[in-house]
Amino acid sequence: MPSFQGEEATNYDERISRLVPGYELLHQLTQAQCQAQLSSSASILVVGAGTGKEVVALAKANPNMHFVAQDISADMLAIAEQRFDEAGISARVTCHCGDIGQLQQQFDGALCLLVLHFLADNGDKAALLKSIRQQLAPQAWLWLADLMKPETQFERDAQFIACQQLGLSDAGVERMRHNLEHEFYPLDRMRLAELLEQCGYGIARCYFKALGFTGYAIRCQL
């Protein structure tokens with residue numbers, strides 16, 4: 001798993017847009033989903049907030065929403081805090097560097113974008129999903145987007161081609177191939193559904209899909 005420290009944090013925004021086809025659209029649609037389902041004064045937990053891009057977009061569109069931006073990388077959150085200050089939203093955003101379980105708050109919704117595939121399916125994925133669930137109010141929403149197992153034999157090849165078209169270098173493609181085989185732990189739809197049920201969530205409804213990546217809107221069970 002990347003450390004997202006130092007240069008990995010500094011270069012994250014430039015790199016991620018080349019690695020995830022539809023990255024900007026994913027954030028746009030997630031923002032629209034939140035606005036459609038949550039009240040204008042909702043509190044939102046952003047898991048793995050990174051450099052804070054989705055927090056800024058949501059906060060600008062919803063001036064009464066409040067956020068907790070969580071990450072385990074202090075370097076990523078330092079960039080996010082500067083971004084929040086520049087956007088004039090710092091009063092509505094609390095940054096938390098550490099485990100989600102340390103939070104003492106219930107949220108109306110949570111975002112977990114491009115995080116789960118870094119965790120092995122040996123209990124770590126379930127532990128994260130349970131930690132998020134414990135922070136959510138009854139019938140709250142989780143928006144989960146992640147790298148998934150390919151549904152066709154050629155999906156990964158198409159994904160590499162799309163990333164090259166977005167500006168990823170040949171060396172970047174080779175690193176991506178290595179990570180897909182050795183560093184990432186994507187799920188298929190059936191396994192994700194099993195984990196969600198075990199952790200207290202309802203049915204995952206797809207709202208985004210683009211070459212290897214899928215976004216789901218999921219409501220908590222009572």
Side-chain angles (χ1 to χ4, degrees), residues 1-4 16 19-20 26-27 29-30 33-34 37-38 42-50 54-55 67-74 76-77 94-151 155-156 178-210 212-222:
M1 178 176 177
S3 64
F4 296 114
I16 193 65
L19 294 172
V20 181
L26 167 62
H27 283 80
L29 296 183
T30 303
Q33 286 270 321
C34 290
Q37 295 293 345
L38 301 178
S43 60
I44 300 177
L45 169 64
V46 182
V47 179
E54 62 261 49
V55 176
F67 306 86
V68 169
Q70 178 273 341
D71 208 286
I72 58 173
S73 167
M76 294 282 268
L77 281 181
T94 300
C95 290
H96 173 71
C97 187
D99 294 336
I100 298 168
Q102 297 170 345
L103 298 171
Q104 301 294 322
Q105 184 176 344
Q106 275 207 321
F107 298 89
D108 301 304
L111 276 59
C112 184
L113 307 182
L114 309 177
V115 174
L116 198 63
H117 64 269
F118 289 116
L119 303 177
D121 192 13
N122 59 1
D124 289 348
K125 289 184 189 293
L128 176 61
L129 290 170
K130 287 178 181 177
S131 292
I132 297 171
R133 177 66 186 89
Q134 290 168 357
Q135 304 298 326
L136 292 174
Q139 296 254 279
W141 286 88
L142 167 65
W143 284 276
L144 172 70
D146 211 52
L147 176 73
M148 303 294 289
K149 286 186 176 179
E151 296 186 4
E155 186 171 10
R156 286 289 184 253
H178 176 272
N179 288 344
L180 286 168
E181 293 179 12
H182 303 289
E183 301 291 338
F184 299 158
Y185 307 93
L187 299 172
D188 59 29
R189 288 180 296 170
M190 292 297 294
R191 179 56 182 152
L192 177 61
E194 290 174 356
L195 282 173
L196 290 171
E197 183 178 9
Q198 291 170 14
C199 298
Y201 299 92
I203 297 172
R205 311 285 187 183
C206 178
Y207 71 92
F208 170 87
K209 186 166 179 60
F213 295 90
T214 308
Y216 298 98
I218 309 152
R219 199 161 201 181
C220 295
Q221 295 177 340
L222 289 175

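Each residue takes its place number in the sequence, starting with 1.
A side chain to side chain contact (heavy atoms under 4.5 Å, CB included) with Phe213 is found for one member of Leu147, Leu19, Leu113 and no other, namely Leu147. Put simply, the residue from Asp146, Leu144, Asp121 that forms a side chain to side chain contact (heavy atoms under 4.5 Å, CB included) with Leu192 is Leu144.
Rounded to the nearest 0.5 angstrom, Phe208 CZ and Thr214 OG1 are separated by 8.0 Å. Between the CD atom of Gln139 and the CD atom of Gln37 there is a distance of 11.0 Å, given to the nearest 0.5 Å. In this structure, the separation between CZ on Phe107 and CG on Leu136 is 8.5 Å, given to the nearest 0.5 Å. Atoms OH and CZ, on Tyr185 and Phe118 in that order, are 11.0 Å from each other to the nearest 0.5 Å. Leu129 CG to Gln198 CD: the interatomic distance, rounded to the nearest 0.5 Å, is 9.5 Å. Residue Gln33 holds its CD atom at 7.5 Å from OG1 of Thr30, rounded to the nearest 0.5 Å.
Annotation: Lys209, atom NZ; neighbour count of heavy atoms from other residues, nucleotides and ligands within 6.0 Å is above 12. Residue-environment remark: CD (Glu197) stays at or below the threshold of 12 foreign heavy atoms within 6.0 Å. A 6.0 Å sphere centred on CD1 of Ile16 holds more than 12 heavy atoms belonging to other residues, nucleotides or ligands.
Between the side chain of Asp71 and the backbone N or O of Gly50 there is at least one donor-acceptor pair closer than 3.5 Å. At least one donor-acceptor pair closer than 3.5 Å links the side chain of Gln70 to the backbone N or O of Gly48. Counting only distance, with no hydrogens or angles, the side chain of Glu54 and the backbone of His27 share no donor-acceptor pair below 3.5 Å. Without hydrogens or angle criteria, Arg133 side chain to Gly200 main chain gives a donor-acceptor distance under 3.5 Å. Formation of a donor-acceptor pair under 3.5 Å by the Asp188 side chain with backbone atoms of Arg191 is found in this model.
Listed here is the closest heavy atom pair of Arg189 and Met148: N-CE, 4.0 Å. Minimum heavy-atom separation, Leu187 to Leu195: CD1-CD1, 3.7 Å. Contact between Gly109 and Ala140 at its shortest, heavy atoms only, is N-CB, 4.4 Å. What you find for Cys112 and Leu142 is that their closest heavy atoms are CB-CD1, 4.1 Å.
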